[in-house]
Asks: 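Attaching a single structure in structure tokens format; questions to follow.
Only this structure's heavy atoms are used, side chains among them; waters, hydrogens and symmetry mates stay out. Chain naming here is simple, since letters A, B, ... match the order of the sequence lines and numbering starts at 1 in each.
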2 protein chains.
Amino acid sequence: MSQIKTMKELADLAGVTTGTVSRALSDSPLISPKTRERLQALAREHGFKPNLLARNLRTQRTGAIGVLIPLGHEKGQHISDPFFITMLGYLADELTERGYDLLLSRVIPEDENWLDQYVGSGKIDGLIIIGQSNQSETLDEVAARYRPMVVWGGHAPGQAHCTVGSDNILGGEMAAQHLIDRGCQRIAFFGDPQALEIAQRLEGCKRALARAGLADKLTVLPAHLVAEAAHPDIAGFLGSVSERPQGIFAASDVIAMSALRALAEYGLAVPGDVKVVGYDGLAIGEQTVPRLTSISQDLRLGATTMVDLLLRRIAGEDAGSVVLDPRLIVRMSS
Amino acid sequence: MSQIKTMKELADLAGVTTGTVSRALSDSPLISPKTRERLQALAREHGFKPNLLARNLRTQRTGAIGVLIPLGHEKGQHISDPFFITMLGYLADELTERGYDLLLSRVIPEDENWLDQYVGSGKIDGLIIIGQSNQSETLDEVAARYRPMVVWGGHAPGQAHCTVGSDNILGGEMAAQHLIDRGCQRIAFFGDPQALEIAQRLEGCKRALARAGLADKLTVLPAHLVAEAAHPDIAGFLGSVSERPQGIFAASDVIAMSALRALAEYGLAVPGDVKVVGYDGLAIGEQTVPRLTSISQDLRLGATTMVDLLLRRIAGEDAGSVVLDPRLIVRMSS
DNA sequence: GCATTATTTACAATCGATTGCATTTTTTGT
DNA sequence: ACAAAAAATGCAATCGATTGTAAATAATGC
């Protein structure tokens, strides 16, 4: 049995034209059930798979969604970052469920118009960007002319691009309030407020502290987001402060894990000596010792929502930003 | 300035034909420097990006490499598994560096000929598969007719598909020998030997134990690969065994992390009461408490090697399997 | 200055499928 | 059995680029 590569070959073999084959294989009602089945059987028998490029060129859709992270302020951050990776996994599940493929490309931050590499190249039907980093202006600018784009991150008033993310201010407030409830007075915030989301979490943290009259007890350590880079930041901090914090609010679970490790190295008990709260609610927090208390963002819901919005925008609808509720997950570290 | 979408438009604007534009933009020597620069400037000015689908259809290459995991024996395993994700990150880095995109699609294990979804659909130039699971036969079969395919995993004699992976038998031997060197007698192996790689690691483990005359001291627990599923397996095991093992060799770092957690819950000190060695050498092992001793597979090198082999196979060369050296990384858990 | 060669550019086929419209075949009504 | 309506198929343009070949223009030699 010769291998059938194109519709033309299959059509010749069956004594019909490619048009008929095309319709038969796509279950068009214009075709008689008899020939439809005959052609489908023939296609199956010869293992014929239509060339998707040709189909896509004709139908003007690719069936692929681009996913990327802009790493503006944090060069060292790798695609293998747990948060990104978790989100990527959910997106992959969600997109494939809906018949889309996921096209992952690395962003070269040096390139001025990095977004245009994707947009308009015809390779993707839409774009999901994970994390704004410090690229909000670029995103706003592109959003003006490219509609099918959804961004994971913080939502700020006046923002032109469509975002999905948790209420970072509320989440920050919840984390700080939890530490306060647990009896902490001196609180340290680990995270670099250059990124919008982290700035918002810090903002919420400050609000809770102010309400409790503890505004002057806050220390902010602009720790890196990458685990390897965060650890020395944190170890250095713990070694140098005169008054050890009673509670640590880490702006991400990855930072929190570095904090747990550094604390263990200093012989400090968690939650006995120091209580720790992370942010993200990653699965990895279940595996730390002690298991990590965290402000959970429902990333699965986040992924679903992003895909939802994106498909609606692809369909021409003008779907707007969504803010999700953060949730406190109390485990063993607080 | 109107938006130029196609070459035809640009050609009309410049008063030439699409052929000329095409050659000008691809720096063909058939074009005069003068018109080349004029057209390139015009293209830049109007932000023209050629449609990649059309190009790909014509040139018969897509510039994308498919990446997938077959999850034959472990349905619950998710794309967000740390090992897969780490490998994915390296692959993404490596592929994009060489100008390829990475197309990630989920595999539906129910579908009989899942591989044909990719192969021959014209969407990808080559395929990288991470982990053989229990699908070795399928892979062999497809490898016979589809050349540009490379698989991460164990290499077995008589295997038709091209693999890259560490020497799992040697790695298993190293892990067990390390535990023996540390004074362990009773050793437990955590991992399900259904998968080829894990079976090989167990084999190496057995060899080392036999050499030390400890062959009868081995217990095998076929723990799941997924962290959430592995934990109950392990906790149950620790709760039920009469003689607690002195050393644990976990077939993956993810399993090892579950073990660390379970041990902590049972009040057992690591490495005091029980010593633990993982496999993979994932970055996450740096963040556990205590930091995890592991048999490291150089995943970055692995990714580079896979891409190398794949591109050579795409070029028609008949590149064969590669076995990498495992390396023992001693941290704090042993 | 004219024939000849070297450069440039235009023309048109091609990649492999989809789809509106024309045409043929089948079915229905009477 | 024949006209009219309905269903099935064929025809050919199309998506947007690439590329071999032919044609037009410019450069060279004598």
Side-chain angles (χ1 to χ4, degrees), chain A residues 2-40 42-43 46-64 99 117-125, chain B residues 2-40 42-43 46-64 116-125:
Chain A
S2 64
Q3 183 69 346
I4 296 292
K5 307 287 292 178
T6 74
M7 259 189 189
K8 183 70 171 52
E9 293 173 17
L10 193 65
D12 289 349
L13 192 65
V16 296
T17 59
T18 63
T20 305
V21 175
S22 174
R23 280 185 257 258
L25 295 183
S26 60
D27 288 319
S28 161
L30 288 178
I31 230 71
S32 79
K34 197 181 59 193
T35 54
R36 174 185 323 161
E37 272 174 40
R38 183 169 67 94
L39 291 175
Q40 289 188 355
L42 206 60
H46 289 81
F48 169 72
K49 296 273 173 185
N51 182 304
L52 296 178
L53 283 183
R55 164 182 298 164
N56 292 341
L57 175 59
R58 180 63 228 249
T59 58
Q60 301 287 61
R61 76 181 281 282
T62 69
Q117 300 221 344
Y118 267 51
V119 175
S121 78
K123 265 194 171 172
I124 55 169
D125 291 340
Chain B
S2 64
Q3 185 68 347
I4 297 291
K5 307 286 293 178
T6 75
M7 260 189 189
K8 183 71 171 55
E9 292 173 20
L10 192 66
D12 289 349
L13 192 65
V16 296
T17 60
T18 62
T20 304
V21 175
S22 174
R23 280 187 253 261
L25 295 183
S26 59
D27 290 321
S28 161
L30 288 178
I31 232 72
S32 77
K34 199 179 59 195
T35 53
R36 174 186 323 160
E37 272 175 39
R38 182 168 69 96
L39 291 176
Q40 289 190 353
L42 206 61
H46 288 81
F48 168 73
K49 296 269 174 190
N51 182 306
L52 296 179
L53 282 184
R55 165 182 300 165
N56 293 341
L57 176 58
R58 183 61 229 252
T59 58
Q60 301 287 55
R61 76 180 281 281
T62 69
D116 292 325
Q117 301 221 341
Y118 267 52
V119 175
S121 77
K123 263 194 172 176
I124 54 169
D125 291 339

Asks: Tell me which nucleotide among C:dT19, C:dT9, D:dA8 gets nearest to the side chain of A:Thr59.
Replies: C:dT19

Asks: With respect to the phosphate group of D:dT18, does any side-chain polar atom (N or O) of B:Ser26 fall under 4.0 Å of OP1 or OP2?
Replies: no

Asks: Under 3.5 Å, is there an N or O donor on one side and an acceptor on the other linking the side chain of B:Arg58 and the base of C:dT14?
Replies: yes

Asks: Let me know the distance between NZ of B:Lys5 and P of D:dA17, rounded to the nearest Å.
Replies: 10 Å

Asks: Can a side chain N or O of B:Thr35 be found less than 4.0 Å away from OP1 or OP2 on C:dT9?
Replies: yes

Asks: I want to check something: taking the side chain as every heavy atom from C-beta on, are B:Thr35 and B:Val16 in contact at a cut-off of under 4.5 Å?
Replies: no

Asks: Within the 4.5 Å heavy-atom criterion, are A:Leu53 and B:Lys123 side-chain neighbours or not?
Replies: no

Asks: Treating A:Arg36 as the side-chain partner and A:Ile31 as the backbone partner, does any N or O pair qualify as donor plus acceptor under 3.5 Å?
Replies: yes

Asks: Report the distance from atom CG of A:Leu25 to atom C1' of C:dA17, rounded to the nearest whole Å.
Replies: 11 Å

Asks: Let me know the distance between CZ of A:Arg61 and P of C:dT19, rounded to the nearest Å.
Replies: 11 Å

Asks: Measure from NZ on A:Lys8 to P on D:dG10 and round the result to the nearest Å.
Replies: 12 Å

Asks: Can you measure B:Leu30 atom CG to D:dT25 atom P for me and round it to whole angstrom units?
Replies: 18 Å

Asks: Does OP1 or OP2 of D:dG16 have a side-chain N or O of A:Gln60 closer than 4.0 Å?
Replies: yes

Asks: B:Val16 or B:Ala54: which one's nearest nucleotide on DNA chain C is closer to the 5' end?
Replies: B:Val16

Asks: Considering just the side-chain nitrogens and oxygens of B:Thr17, establish if one lies under 4.0 Å of OP1 or OP2 belonging to C:dA10.
Replies: yes

Asks: Less than 4.5 Å apart, side chain to side chain, heavy atoms only: is that true for B:Met7 and B:Leu10?
Replies: no

Asks: Expressed as a whole number of angstroms, how long is the span from B:Arg23:CZ to D:dA17:C1'?
Replies: 12 Å

Asks: Starting from P on C:dT14, measure out to CG on B:Leu57 and report it in whole angstrom.
Replies: 14 Å

Asks: On the nucleotide C:dT18, are OP1 or OP2 found under 4.0 Å from the side-chain N or O atoms that A:Ser22 carries?
Replies: yes

Asks: Nearest to the side chain of A:Asn51, heavy atoms from C-beta on, is which of C:dG16, D:dA8, D:dG16?
Replies: C:dG16

Asks: For the backbone of A:Thr18 and the side chain of A:Ser22, can you confirm whether one donor and one acceptor N or O come within less than 3.5 Å of each other?
Replies: no

Asks: Between P on C:dT26 and CD1 on A:Ile31, what's the gap in Å once rounded to a whole number?
Replies: 14 Å

Asks: Please classify the nucleic acid contact of A:Thr18 as base, sugar-phosphate, or nothing, using heavy-atom distances under 4.0 Å.
Replies: base

Asks: How would you label the contact of B:Val21 with the nucleic acid (heavy atoms, under 4.0 Å): base, sugar-phosphate, or nothing?
Replies: nothing

Asks: Would one find a side-chain N or O of B:Thr20 under 4.0 angstrom from OP1 or OP2 of C:dT8?
Replies: no

